[in-house]
Amino acid sequence: MLPFHILWEAIVTSYKTNQTTINFAKKHKVIEDDLVSSIIQAKDDVIFEFLDLFTSLEEEFNSIYTDTDFLFRFKQDDSLTTKLKAQSETRQLYKICNDVIGFRFIIKTKSDDLLSIAEEFIKNCPNDLSCRIHDQSGGKAQNDGYKGFHVYVRNHQNNAFPIEIQFWTRTDALLNDYLHGNVYKAEERDKLIAYAVELRDWLKKLPVPPEDSEIKSYEDYLYEKAYSMTFGYEREE
């Protein structure tokens with residue numbers, strides 16, 4: 001089992017030492033420009049303070065666990081601004097900013113095993129933090145091809161960013177990253193959703209080598225060539 005306690009120690013440290021004046025429990029329908037600027041500055045403060053710690057975690061995980069890629073990730077300013085200004089429902093700020101700061105595990109395993117891994121991770125959630133699993137293994141309510149498990153962590157004081165921990169299989173990584181960069185941000189996004197769903201179905205049906213074969217699967221071959229940490233998985237989204 002992965003040493004999740006190491007990540008929890010880093011998360012606890014970040015909450016103890018990097019709190020903001022922003023009330024993330026407050027509900028908003030429209031995010032004013034001043035608050036957008038404050039959120040971006042608070043995000044930059046977290047990155048400045050903890051980038052070395054979080055990247056050292058990356059190096060530790062990725063040097064030891066060959067079947068797992070681990071990544072610290074955060075939203076770029078333009079992507080964050082777009083999300084905040086597109087807000088149209090009255091929601092608490094921690095729900096709007098739930099993916100500004102986060103981590104991603106890409107694990108060489110089957111989708112059916114991801115839930116137990118996410119549950120194992122959440123067992124170590126400290127009492128002074130709120131933790132919950134969001135299951136998207138069956139897709140979103142409006143299916144757009146994306147799948148995975150997310151764990152959301154926040155402090156009870158609601159004076160710091162929530163932290164999102166994503167759990168993906170290699171199949172999820174192959175598709176989710178492609179869709180994020182090529183479909184979800186496209187002007188003709190709505191027309192491409194059916195294509196995204198068909199891609200997911202196609203990947204699900206990829207043949208696998210015989211059990212007694214020593215060759216790697218086509219899925220693993222694609223992943224290791226295109227999307228693994230070795231090939232520079234981008235942390236900014």
Side-chain angles (χ1 to χ4, degrees), residues 28-31 36 39 69 71 73-115 117-118 132-152 162-208 217-228 231-237:
H28 295 267
K29 183 173 183 179
V30 176
I31 310 293
V36 171
I39 291 171
D69 283 332
L71 177 75
R73 48 178 295 277
F74 56 85
K75 276 196 176 297
Q76 295 180 0
D77 290 357
D78 57 348
S79 178
L80 177 53
T81 299
T82 298
K83 179 177 182 178
L84 294 173
K85 300 304 288 186
Q87 169 65 18
S88 61
E89 299 178 12
T90 301
R91 296 192 295 166
Q92 290 159 311
L93 191 58
Y94 68 75
K95 293 182 179 179
I96 303 170
C97 295
N98 63 354
D99 61 350
V100 176
I101 301 290
F103 301 91
R104 177 179 296 147
F105 287 97
I106 303 172
I107 303 173
K108 186 179 179 180
T109 189
K110 296 179 180 179
S111 181
D112 293 344
D113 298 327
L114 272 189
L115 177 58
I117 295 172
R132 67 179 181 88
I133 296 176
H134 182 48
D135 182 352
Q136 291 188 328
S137 60
K140 300 177 183 178
Q142 294 183 332
N143 189 11
D144 60 5
Y146 181 93
K147 289 187 179 181
F149 287 92
H150 297 176
V151 172
Y152 292 105
I163 296 176
E164 178 190 68
I165 301 93
Q166 299 175 344
F167 291 85
W168 289 359
T169 65
R170 287 183 165 190
T171 301
D172 296 332
L174 281 169
L175 189 61
N176 293 346
D177 187 63
Y178 169 77
L179 295 179
H180 178 80
N182 295 277
V183 174
Y184 300 152
K185 295 183 178 182
E187 291 185 3
E188 65 271 31
R189 179 185 188 281
D190 292 343
K191 294 192 298 184
L192 293 172
I193 294 302
Y195 163 68
V197 174
E198 288 177 4
L199 270 181
R200 168 65 69 173
D201 292 340
W202 175 76
L203 278 172
K204 187 176 180 180
K205 296 174 183 176
L206 278 179
V208 297
S217 69
Y218 185 55
E219 172 188 281
D220 287 336
Y221 176 82
L222 288 178
Y223 175 79
E224 291 169 11
K225 285 294 185 183
Y227 290 101
S228 72
F231 288 82
Y233 218 84
E234 295 184 1
R235 73 175 75 256
E236 299 181 14
E237 300 186 351

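Residue numbers start at 1 and run along the sequence shown.
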Report task. Any chance you could measure I39, atom CD1, to I96, atom CD1, to the nearest 0.5 Å? Result -> 7.5 Å
**Report entry** Pairs involving residues 192-201, ordered by first then second residue, that meet salt bridge (charged side-chain N to carboxylate O under 4.0 Å, His left out) (sequence neighbours left out)
**Finding:** D172-R200
Query - Pairwise salt bridge (charged side-chain N to carboxylate O under 4.0 Å, His left out) hits with a residue in residues 82-93, at least two apart - result: D33-K85, K83-D99
Query raised in the report: Say you draw a straight line from NE2 of H28 to SG of C97; how long is it, rounded to the nearest 0.5 Å?
Result: 8.5 Å
Report task. Go through the structure and list residues passing side chain to side chain donor-acceptor pair (under 3.5 Å) with H134, not counting sequence neighbours. Result -> Q136
Query raised in the report: CG/D220 to OH/Y223 distance, rounded to the nearest 0.5 angstrom?
Result: 9.5 Å
Query raised in the report: With respect to F167, which candidate in D113, L115, V151, T109 satisfies the side-chain contact (heavy atoms from CB on, under 4.5 Å) definition?
Result: V151
Report summary line: To the nearest 0.5 Å, atom CG of N176 lies from atom CZ of R104 at 7.5 Å
Query raised in the report: Which residues satisfy the ring pair (Phe, Tyr, Trp, His ring centres under 6.0 Å) test with Y152, sequence neighbours excluded?
Result: H150
Query - Considering all heavy atoms, the nearest G145-L175 contact - result: O-CD2, 3.6 Å
**Report entry** Residues which pass side-chain contact (heavy atoms from CB on, under 4.5 Å) with K204, listed by chain and number, not counting sequence neighbours
**Finding:** none
Query raised in the report: To the nearest 0.5 Å, what is the distance between CG (D77) and OG1 (T82)?
Result: 10.5 Å
Requested in this report: Determine whether Y178 and L174 make a side-chain contact, defined as any pair of heavy atoms from C-beta on separated by less than 4.5 Å.
Outcome: no
Report summary line: Taken to the nearest 0.5 Å, the spacing of L71 CG from F103 CZ works out to 9.5 Å
Query - Note, F105 side chain near F149 side chain (heavy atom, < 4.5 Å) - result: no
Requested in this report: With the side chain counted from C-beta on, respond yes when I106 and R170 share a heavy-atom pair under 4.5 Å apart, and no when they do not.
Outcome: yes
Report task. Please examine the side chains of L93 and I31, heavy atoms only from C-beta on, and report whether any two atoms are closer than 4.5 Å. Result -> yes
Requested in this report: Could you tell me which residues satisfy salt bridge (Lys or Arg N to Asp or Glu O under 4.0 Å) with E164, sequence neighbours excluded, listed by chain and number?
Outcome: R73
